[in-house]
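Worksheet: the structure to be examined is printed underneath.
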Number of protein chains: 2
Amino acid sequence: MTTSIQINLKHQSYLREPEATELGRKIVSESINLIDGLGFEDFTFKKLAAEIGSTEASVYRYFENKHRLLVYLVSWYWAWLHYLVIFQTQNIADPRERLARAIEVITKAGEADDPAVAHIDERVLHRVVVAESSKVYHTKEVDAENKAGFFLELKHFCHYLALLVLEINPAFPYPHALMSTMLEAAHQQLFFAQHLPSLTDVQAERYTETVDFLKQMVFAAIDQHLNYR
Amino acid sequence: MTTSIQINLKHQSYLREPEATELGRKIVSESINLIDGLGFEDFTFKKLAAEIGSTEASVYRYFENKHRLLVYLVSWYWAWLHYLVIFQTQNIADPRERLARAIEVITKAGEADDPAVAHIDERVLHRVVVAESSKVYHTKEVDAENKAGFFLELKHFCHYLALLVLEINPAFPYPHALMSTMLEAAHQQLFFAQHLPSLTDVQAERYTETVDFLKQMVFAAIDQHLNYR
DNA sequence: ACTTTTTTGATAGTAATACTATTATACATG
DNA sequence: CATGTATAATAGTATTACTATCAAAAAAGT
């Protein structure tokens, strides 16, 4: 079943809305492939322009610089994933099961074979996010960019999950910390499994193991504070 | 009590051993301050050379590029922290208490007021590592650099902690994953507390809260698999 | 259908970055 | 005293990360 959605970001990581024009959409879709192929450091607007048959100057009309473009892509990813989680858990009544399903969806986002937006390959985007997303906030401009709302999508998603945690156990003292740790770990463990296997026990490509690890960690922490049991 | 140690890295992230000369030590110590002040992206060898009254070309004789220098600094940090943890837990018999102490030492590394090496300010280095360390392996060259042994110090430290976990509970299936998650989270939560507070529940500067969160998460996970209880 | 505005492409140019190369001098070692 | 090694000084290059200008093409308004 193919769903069609439109994701609009609240902040201005972009100069012009890239979803609005053909060139804008090409910039977004091709930058995902290029960053995936070259890595963010070697990715340049010049190479991107060449790839889409346009010019450097034209790309600069959409995004102030490549960092802002990455912020846009990562924000888009979080908004998409948030949507996906809500969609995939809407029929689950039990909050514990809903969180369990959420962890599955988050970890297996790289396997998504149901493209929600025509010009964006979510599987490639997932690889890009796993490899590069920490760079969006590890800069000297974090505080300014945070003020500008550049990290709202992640923050909202984290808060949504934290509320789920509190539904399961209202006494748990660290719901946001646990969920941000889980979100980061979901990416890290996949990355480690592929590139630094001695930092993990899960196998590359075996998403199920990562899901199992994350579920155990999360639910053990949450349950520890329950009175019953 | 002041301890004096020498940390030597096994791999060649450097061209010349920087500990061996005055210029080498100046490069290391001043680069830590500069990266802390400017952020890694704006840090250049030219600025560093100006700061220490030397030249760009001279700095290039010690490190191939600024990425390698960061690898060196981060590796040095992990080796130092590993030493610190062993030192601070050597008199603790119970593995559970030893792990608890390790988590404290790791989280509070930024408060260390006992400089182990004269020309390195561990508190500033800790800030640099919190903010920049993920960049050492999030590059297109991870696999090659991993082969070259650039991440050995982190891997060894993680393995050391994983063995501790297994001492507590030999049946725990994800000791490395749990410890790498904990190590990353220790940095992340400090960073979030300072820059993206809505992603955490701990307060900035309140290392004790982060320690508490990490301990709860780690021990809950480990204990879940114990037969007794 | 015609005008106006907006968007793009083409081209050029600049300051900074990330280096490499060369040579002279200082410095330490044997 | 000779020799090797480390450093400083200087110069130079390719690439990056932009900014500016202008004309052509496309879209929108009337």
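In what follows, chains are A, B, ... by sequence order, proteins preceding strands, each numbered from 1.
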Q.
What contact category does Tyr62(B) fall into here, base, sugar-phosphate, or nothing, at under 4.0 angstrom with non-hydrogen atoms?
A. sugar-phosphate
Q | Rounded interatomic separation in angstrom, taking CZ from Phe63(A) and P from dC18(D) | A | 14 Å
Q: Take the protein atom CD of Glu22(A) and the nucleotide atom C1' of dA27(D), then report the distance between them rounded to whole Å.
A: 15 Å
Q. Roughly how far apart are Ile35(B) CD1 and Glu41(B) CD, rounded to 0.5 Å?
A. 10.0 Å
Q. Nearest-Å distance, OH (Tyr60(A)) to C1' (dT19(D))?
A. 10 Å
Q. In whole Å, what is the span from the NZ atom of Lys46(B) to the C1' atom of dA8(D)?
A. 15 Å
Q: Please tell me which of Asp42(A) and Ala57(A) maps to the more 5' nucleotide of DNA chain D, matching each residue to the nucleotide holding its nearest heavy atom.
A: Asp42(A)
**Q.** Separation of dT15(D) P from Lys47(A) NZ (nearest whole Å)
**A.** 10 Å
Q) Where does the angle between the aromatic ring planes of Phe191(A) and His138(B) fall among parallel (under 30°), tilted (30 to 60°) and perpendicular (over 60°)? A) perpendicular
Q: Measure from the side-chain heavy atoms of Asn65(A) and tell me the nearest of dA9(D), dC18(D), dT16(D).
A: dC18(D)
Q. Does OP1 or OP2 of dA9(D) have a side-chain N or O of Thr55(B) closer than 4.0 Å?
A. no
Q) How would you label the contact of Phe45(A) with the nucleic acid (heavy atoms, under 4.0 Å): base, sugar-phosphate, or nothing? A) nothing
Q. Over how many whole Å does the gap from Arg61(B) atom CZ to dA9(D) atom P extend?
A. 12 Å
Q. When you look at Leu9(B) and Tyr72(B), which way does the side-chain contact (heavy atoms from CB on, under 4.5 Å) test go after all the steps?
A. CA-CA 8 Å; Leu9(B) 308 181; Tyr72(B) 179 86; 3.4 Å; yes
Q.
What's the separation between atom CG in Leu81(A) and atom CH2 in Trp76(A), rounded to the nearest 0.5 Å?
A. 10.5 Å
Q) How close or far is atom P of dA8(D) from atom NZ of Lys26(B), stated in whole angstroms? A) 7 Å
Q: Give the first and the last nucleotide of DNA chain C, reading 5' to 3', that has any atom under 4.0 Å from a heavy atom of chain B.
A: dT17(C) to dA21(C)
Q: Starting from P on dA27(D), measure out to CG on Leu23(A) and report it in whole angstrom.
A: 12 Å
(Q) Under 4.0 Å, heavy atoms only, any strand: does Glu64(A) hit a base, just the sugar-phosphate, or nothing? (A) sugar-phosphate
(Q) For Glu104(B), is there an ion pair with Lys215(B) - N to carboxylate O distance below 4.0 angstrom? (A) yes
Q: Answer yes when Lys135(A) and Glu132(A) have at least one side-chain N-carboxylate O distance shorter than 4.0 Å, and no when they do not.
A: yes
Q: Tell me what Ser58(A) touches on the nucleic acid: a base, only sugar-phosphate, or nothing, going by heavy atoms under 4.0 Å.
A: base
Q. Out of His187(B), His126(B), His159(B), which residue meets the ring-ring contact (aromatic ring centres under 6.0 Å, His included) rule with Trp78(B)?
A. His187(B)
